[in-house]
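This report refers to the structure that appears directly beneath it.
Per chain, numbering begins at 1; letters A, B, ... match sequence-line order. Everything quoted here is computed from the prediction, not taken from an experiment. The figures that follow rest on heavy atoms only: side chains count, while hydrogens, waters and symmetry mates do not.
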2 protein chains.
Amino acid sequence: MNRSRTKAPAGVNLPALRHHNAALVLDLLRAAGAEGISRLELAEGTGLTPQAVSKITARLREDGLAAGAGLRPSTGGKPRTVLRLVPDAQFAVGLHLDRDGLTAVLVDLAGRPVAVATAPLDLGAPAERVLADAADAVRDLCAAEPHKPVIGVGVAVPGPLDHRDGVLHRVTGFPRWDGYPLRAALAERTGLPVVLDKDTNAAALALALGGAGGGDFAYLHLGTGLGAGLVLGGEVHRGARTGAGEFGHQTLQLDGPLCGCGGRGCIEALCLAAEARGDRGEAARVLGTGAANLVGLLDIDRVVLGGRTVAADEDAYVRGVRAVIEERAARGGAGAGVTVTVAGGGDRPVAEGAAQLVLAPVFGRVGEEKRVGEEKADRG
Amino acid sequence: MNRSRTKAPAGVNLPALRHHNAALVLDLLRAAGAEGISRLELAEGTGLTPQAVSKITARLREDGLAAGAGLRPSTGGKPRTVLRLVPDAQFAVGLHLDRDGLTAVLVDLAGRPVAVATAPLDLGAPAERVLADAADAVRDLCAAEPHKPVIGVGVAVPGPLDHRDGVLHRVTGFPRWDGYPLRAALAERTGLPVVLDKDTNAAALALALGGAGGGDFAYLHLGTGLGAGLVLGGEVHRGARTGAGEFGHQTLQLDGPLCGCGGRGCIEALCLAAEARGDRGEAARVLGTGAANLVGLLDIDRVVLGGRTVAADEDAYVRGVRAVIEERAARGGAGAGVTVTVAGGGDRPVAEGAAQLVLAPVFGRVGEEKRVGEEKADRG
DNA sequence: CCACTTAAGCAACGCTGTTGCCAAAGTGCA
DNA sequence: TGCACTTTGGCAACAGCGTTGCTTAAGTGG
């Protein structure tokens, strides 16, 4: 269980223990995907007794979250029964509010999108207007798939914000949003629990859960700006004020050219300037140098690139970034074995990651926050 | 409980739950110090029932880890009984192996040193020789204070190393140590459990536990080199290969002056060069720029400076670093409310932090690693 | 067809924190 | 001085967790 000590009591009682272990099993079920996973493999993965796993999976099946999925070939004895997650048991909405558009997805427990909707959006419009557009998108999506239990809405937004309180800060270019309690407003409007986070964090979460699997990594998003989502220890690192990931305005050139932020020699300014003058190699080298700094500082084992600017020439950026990291590793610095890849998939991963913000607690990934004694009391 | 997922089973059974809650209570007892803390405050701090706390503290008292410490003034009813940690119940040895010397401390559960020893050391000597010196220091320290149950030895070493395996990597200036399994060797020699970590991590751990208390922070050590210890979410961040904290060779000046590491424009090179030519203000500004990068990237709320070079002129460095961070915050960047302080105390904090590496698990701070069913079975 | 192997469930168990209740130990007012 | 009240903390019973010991189910292989 999490131990974000310093605040929040971390005492564990039996319901909490039960919930924790159930979430652990669900997480393994999800990771196993459609193939499924046997009870004994679950036991090995959790460190629990096979009998305990049997009890837990029995409860999950009763709740409709897990189901049998055939048998494994025998290895000389009774064949193992394979279990799998029932993706249709619960759904979550992911909302990506960008500067010029809105993307909404309805995903199942496995994280697969079952419905997508996009619409134009003007972040410069009055708050009421934007809020209404967002709420409408959520409502339409839920209406399109009735009878689907939706457990919440995850919202990904560009600017700096407070994830804990669900309050926006000064979104770059739209200072008027500073202090707007988007989470509370949208929660009231939709009647659903809402989680708010930065778009880069949502993207990083999607990457952490999907495909390439675990490990610590940094997602670097180069679009009109440059930001980062950090996944450390398998969880999104948000920092003390949940503002972590300000990567674009790291100083990379002391007393370098002026940046829009007022600083000098920011990675973002250097990178975009190089890109603007057509020197993509230099842009990639700048980005790579920042990435290499990250690799050494945090000892991550994966760098993932994304964003429109990267998408325009994925190869050049991957090669350029990889070159810098490998050069430093060859000199004896950190970075040996670090892989550099691109996220791909355009902007939809951000919306899907936003939905994962809501799903994450189901699988025991962070964000439990004061979950005490909230179980449907009846059983049998 | 920890969730360093991706590896290591995280299932929780009753013994694990018991251990977790006991550690939680012990941690609060330690934080309370000599003043002590009442059962109801413990209940509030853990989220457990007062009755559960009573049971847990009864066990701790039976084991000699906790004891009564008077009464609180009544608030209209029965006065609260105050409990406190019994620091003499267990001890740990902290060992700091530096390039030119060795510091060994014996600390009690509260982290207070009860014995200190220093000796010259030559890291360039044969491994057997260094190992013998280290083992001797441990033995002498334990002998000086017999009847003290010592639960382990924490070792802080300069270079890069693997904390998980307890193996040294290429210590700067002493490449011969690359691959040496110091933890295993010293454990066999002393017959005690040994934990190995970088000196900067040990210092950071000491800071995280002592005095100024929680929060995320970075400890920046500027001596003959420049390194960092990161404390994120109340725990030392070590990264995927436990090599995190390589701060000195972050590029801060693209294509800047050559560094000893072979790179260009490393913070360390810039900082030490400025210091060498007497421009302390510039050295502080360089360090501050790196610190500000860190603050924005990780959203930490504290920067702590240390090391001999900083100690030579603490004020200049604190002011210089603080100036850069505040300037960036004033521009609307991250860093508002970040405090900048110095560690102080010279090198002994590193040895004390090394001892804390061993004590940390007692208080539930990370590093439990496969603790299953190891309890003294008898009771009563 | 039988011996063997592997998987999974049933029942009893030990131990956890919780609940309900009561004794202990103070304060404050009559 | 005495009684009502408040607050603390322990005792006992309890529900629920994973574990253990054993039995049953369901295969393989000679």
Rounding to an integer number of Å, can you tell me how far [X] [atom1] sits from [N] [atom2]?
X	N	atom1	atom2	result
B:L71	D:dG9	CG	C1'	12 Å
A:H20	D:dG16	NE2	C1'	17 Å
B:R72	C:dA24	CZ	P	24 Å
B:N13	C:dG17	CG	P	13 Å
A:I56	D:dT19	CD1	C1'	12 Å
B:H19	C:dC15	NE2	C1'	16 Å
B:L14	C:dC13	CG	C1'	12 Å
B:N21	C:dC15	CG	P	17 Å

With no hydrogens and no angle check, do the side chains of B:E41 and B:S38 hold a donor and an acceptor under 3.5 Å apart? yes
Using the rule given for side-chain contact (heavy atoms from CB on, under 4.5 Å), can you reason through A:L230 versus A:L298, listing the C-alpha separation, both sets of side-chain angles and the distance that settles it, and then say yes or no? CA-CA 10 Å; A:L230 305 175; A:L298 301 173; 4.2 Å; yes
Within the side chain of A:H237, is there an N or O that forms a donor-acceptor pair under 3.5 Å with the backbone of A:G229?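 No, A:H237 side chain to A:G229 backbone: no donor-acceptor pair under 3.5 Å.
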Counting the atoms with a prime plus P, OP1 and OP2 as sugar-phosphate, which does B:S74 contact under 4.0 Å by heavy atoms, base, sugar-phosphate, or nothing? sugar-phosphate
Can you give each donor-acceptor pair under 3.5 Å made by side-chain atoms of residues 73-90 of chain B, sequence neighbours left out, with the distance rounded to 0.1 Å?
unit_1, atom_1, unit_2, atom_2, d
B:S74, OG, B:G76, N, 3.0
B:S74, OG, B:G77, N, 3.1
B:S74, OG, B:G77, O, 2.6

For A:R238 and A:V236: C-alpha separation, side-chain torsions, deciding distance, then whether side-chain contact (heavy atoms from CB on, under 4.5 Å) applies. CA-CA 6 Å; A:R238 297 192 175 89; A:V236 175; 4.0 Å; yes
Base versus backbone protein contacts along nucleotides 3-11 of chain C [heavy-atom cut-off under 4.0 Å; B, S, -]: --BBBSBB-
Mind checking what makes salt bridge (charged side-chain N to carboxylate O under 4.0 Å, His left out) contact with A:R112, not counting sequence neighbours?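 A:R112 satisfies salt bridge (charged side-chain N to carboxylate O under 4.0 Å, His left out) with A:D108 only.
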